[in-house]
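Below is one structure, written out as structure tokens, with a few remarks after it.
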Amino acid sequence: MAERITPRSESYSDWYVDIVLGAELADYSPVKGTMVIRPRGYAVWERMQSILDGMFKETGHVNAYFPLLIPESFLKKEAEHVEGFAPECAVVTHGGGEELDEPLVIRPTSETIIWSMYKKWIQSYRDLPLLINQWANVVRWEKRTRLFLRTTEFLWQEGHTAHASAEEARDETLQMLEVYRRFAEEYMALPVLTGVKTPAEKFAGAVDTYAIEAMMQDKKALQAGTSHFLGQNFAKAFDVTFQTSEGGLDHVWATSWGVSTRLVGALIMAHSDDKGLVLPPRLAPTEVAIVPIFKNQNKTEVLAYASKLHQQLKPMHRVVLDDDDNNSPGWKFSQWELYGVPIRIECGPKDMQAEQVVLVRRDTGEKIPVPVAEAPARIAPLLEDIQRSLYDRALAFREENTRDIDDYQQLVSFMEGDGGFARVPWSGSPEAEAKVKEETKATIRVLPFGNEEAAAGKRCAITGEPARHMAIFAKSY
RNA sequence: CGGGAUGUAGCCUAGUGGCUAAGGCGCCUGCUUUGGGAGCAGGAGACCGGAGGUUCGAAUCCUCUCAUCCCGACCA
């Protein structure tokens, strides 16, 4: 099939859709705003899941599963929470052929049902901390959807923890943010900014929301993960108290944190090119695709040559041998590039003659002939190099497109022009933040850790008041 | 919820009132090929998004409707 991918320069959003459909990551399904995650896309998510799950377990968390359906009244118990979520909730009103006494909300997130259970499970400080994660689907009725980035139903993990003190809960929030940062940078090859959200951008029901924020190739920001310090808001709403070691009674301190299948969208938009998907090796379901190049008269020999290599690599790497004899090598090259496989190995009669194979990097297209005997040992370092280059390239791109701006007109023209991340002194005024959003569509993506020192002595670019933060403004997904 | 676009075979498209709806890609069979998206031959696959109307006759004209995508508004 002659897949034509719209070049990024022509239309970034068409390009994105072409990659998702062409690389067979997902497909549209019959209900508006929903999608099928196809095997090639789901395999990426499975790798993300298994790595993250390991990281959660290492930090002491356990998995559980809470139900999809939540009594509508639960949502209403936390005022800010219900206000934030009510408009995007899907509600079940009928079941078993009858109208229900109380409508059931399909979870948009699970804080309420989980805290209703935590009330039963927590009595004493000895029950704390309670560190539970769940892998689940959630539904948020979105008016505008985009494959992987914003769909009505999506998959995610949500961690919900309960602690005896504010400090401990705060530490947990920051610990999980750090887990997300490591995952994004070390596995997704995606550099991220970490910090806190402004009140306007935080999670409905949180005291503070922390986030990892990444830049996509169109210079827009994508929130890739969030970790919330919930204070005692949910404990109070659901009356979850515990006896302290001193015999007193206190409300429990809470956190929640999550990443979703949106990460797959982030991965695509961060690294892919006009030839197709580019996957960082550590998350690529297939690391190596071997493409033998044969003619009828030498088919047996070449396939044996390729197959031997395949057998050698299999114990060490996720490798496939494309021995289909119906498609031409050129077709296969394009196809594996579209699928985003980090390394392709070409081996034909000429290589056999020279006792070599050709390694081809997906990220640069570079062709590297190596002696066949050395090939198995060359793969791992090359994968690491690709992983590192993808990260370096993404970081360089973000830095090139991040500006220090302390003048409001400059900020406006920056956002009207090429755009990117603008590091701007900000007074902390919500009105100033809203004004920028109104006039430029850019929002404060994050207040990076340690930004306050950098703001010392500066004046807010919007109001002229003394600046309290260096805020990162950007248009976002 | 506003603006735009599109709906004809799995995909892309032609067909603007007249015979049995056409072509390309893909798919199936066979042969031939294979170092950057191969070739030949044969074959399967469509109630033209849906409903109603106009007409001797509708994929085509009219009305209504449904769906999806894109842009905007909205949105952890």
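As a basis for the values below, the full set of heavy atoms in this structure was taken, side chains included, without hydrogen atoms, waters or symmetry mates. Throughout, protein chains are lettered first and strands after them, A, B, ... in sequence-line order, and every chain is numbered starting at 1.
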Taking the basic N atoms (NZ, or NE/NH1/NH2) and the acidic carboxylate oxygens, is any pair closer than 4.0 Å for A:K367 and A:E346?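 Between A:E346 and A:K367 there is a salt bridge, with a charged N closer than 4.0 Å to a carboxylate O.
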
Between A:K275 and A:D273, is there a salt bridge with N-O shorter than 4.0 Å? no

Assuming nearest nucleotide by heavy-atom distance, tell me which of A:M352 and A:H228 is located more 5' along RNA chain B.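 Result: A:M352.
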
A:K367 or A:Y477, whichever maps to the more 5' nucleotide of RNA chain B: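 It is A:K367, whose closest nucleotide lies nearer the 5' terminus.
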
Using the [atom1] atom as the reference point in each nucleotide, state the distance between [N] and [M] in Å, no decimals.
N      : M      : atom1 : answer
B:rU60 : B:rG18 : P     : 11 Å
B:rG37 : B:rU20 : C1'   : 36 Å
B:rC75 : B:rC28 : C1'   : 48 Å
B:rC74 : B:rG15 : P     : 41 Å
B:rC56 : B:rC47 : C1'   : 22 Å
B:rA21 : B:rG45 : P     : 14 Å
B:rG7  : B:rG50 : P     : 13 Å
B:rG49 : B:rU16 : P     : 16 Å

Sorted by chain and residue number, the side chain to side chain donor-acceptor pair (under 3.5 Å) partners of A:R170 (sequence neighbours excluded) come out as A:D208, A:Y210

Not counting sequence neighbours, which residues clear side chain to side chain donor-acceptor pair (under 3.5 Å) with A:T261? List them please. none

Please state how far atom CG in A:D324 lies from atom C1' in B:rG37, giving the value in whole angstrom units.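 Nearest whole value for this atom pair: 14 Å.
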
Rounding to an integer number of Å, can you tell me how far A:L338 CG sits from B:rG36 P?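 Rounded to the whole Å, the gap is 19 Å.
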
What contact category does [X] fall into here, base, sugar-phosphate, or nothing, at under 4.0 angstrom with non-hydrogen atoms?
X      : result
A:Y12  : nothing
A:E88  : sugar-phosphate
A:K202 : sugar-phosphate
A:P108 : nothing
A:E111 : nothing

Dump every N/O contact between nucleotides 65-72 of chain B and the protein below 3.5 Å, one line per pair.
{"from": "B:rU68", "atom 1": "OP1", "to": "A:K32", "atom 2": "N", "distance (Å)": "2.7"}
{"from": "B:rC71", "atom 1": "OP1", "to": "A:S13", "atom 2": "OG", "distance (Å)": "3.2"}
{"from": "B:rC71", "atom 1": "OP2", "to": "A:R144", "atom 2": "NH2", "distance (Å)": "2.5"}
{"from": "B:rC71", "atom 1": "O5'", "to": "A:R144", "atom 2": "NH2", "distance (Å)": "3.3"}
{"from": "B:rG72", "atom 1": "OP2", "to": "A:R144", "atom 2": "NH1", "distance (Å)": "3.1"}
{"from": "B:rG72", "atom 1": "OP2", "to": "A:R144", "atom 2": "NH2", "distance (Å)": "3.1"}

Let me have RNA chain B in dot-bracket notation, would you? Count Watson-Crick plus G-U wobble pairs, both distances under 3.5 Å, and use [ ] for pairs crossing earlier ones and | for inter-strand partners. ((((((((.[[[[.)..(...]]]].(((((.......))))).....[[[[[..)....]]]]])))))))....

Check salt bridge (charged side-chain N to carboxylate O under 4.0 Å, His left out) between [X] and all other residues, then give those that pass, not counting sequence neighbours.
X      : value
A:R150 : A:E142
A:K299 : A:D325
A:R318 : A:E287
A:D274 : A:R8

Regarding A:H81 and A:E83, do their side chains bring together a donor and an acceptor under 3.5 Å, going by distance alone? no

Donor-acceptor pair between A:S256 and A:H160 side chains, under 3.5 angstrom: no

For a quick test of your reading: what N or O donor-acceptor pairs under 3.5 Å do the side chains of residues 412-420 of chain A make, sequence neighbours left out?
{"from": "A:S413", "atom 1": "OG", "to": "A:Q409", "atom 2": "O", "distance (Å)": "3.2"}
{"from": "A:S413", "atom 1": "OG", "to": "A:Q410", "atom 2": "O", "distance (Å)": "3.2"}

Positions of residues 289-309 of chain A (non-hydrogen atom under 4.0 Å from RNA chain B), listed by number: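 Within residues 289-309 of chain A, the residues near RNA chain B are A:I293, A:F294, A:K295, A:N296.
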
Contact list please: residues 254-272 of chain A against RNA chain B, heavy atoms, distance less than 4.0 Å, in numerical order.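 Of all residues in residues 254-272 of chain A, none places a heavy atom under 4.0 Å from RNA chain B.
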
Donor-acceptor pair, side chain of A:Q134 and main chain of A:N63, under 3.5 angstrom: no

A:S272 side chain vs A:I268 backbone, donor-acceptor pair below 3.5 Å: yes

Using residues 193-206 of chain A as the side-chain source, report each donor-acceptor pair under 3.5 Å to any protein atom, sequence neighbours left out, with the distance given to one decimal.
{"from": "A:K197", "atom 1": "NZ", "to": "A:E213", "atom 2": "OE1", "distance (Å)": "3.1"}
{"from": "A:K197", "atom 1": "NZ", "to": "A:Q223", "atom 2": "OE1", "distance (Å)": "2.8"}
{"from": "A:K197", "atom 1": "NZ", "to": "A:R445", "atom 2": "O", "distance (Å)": "2.8"}
{"from": "A:T198", "atom 1": "OG1", "to": "A:E433", "atom 2": "OE2", "distance (Å)": "2.5"}
{"from": "A:K202", "atom 1": "NZ", "to": "A:E80", "atom 2": "OE2", "distance (Å)": "2.7"}
{"from": "A:K202", "atom 1": "NZ", "to": "A:A206", "atom 2": "O", "distance (Å)": "2.7"}

side-chain N/O A:S328 vs B:rA38 OP1/OP2, d < 4.0 Å: yes

Taking donor-acceptor contacts at under 3.5 Å, does the side chain of A:Q335 reach the base of B:rG36?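 No such pair is found, so the answer is no.
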
Between B:rG37 and A:N327, counting only base atoms on the nucleotide and side-chain atoms on the residue, is there a donor-acceptor pair under 3.5 Å? no

Option among A:R362, A:K332, A:R344 that satisfies the side-chain hydrogen bond (donor to acceptor under 3.5 Å, both in side chains) test with A:E337: A:R344

Looking at B:rG35, B:rG37, B:rU34, which one has an atom nearest to any side-chain atom of A:D325? B:rU34

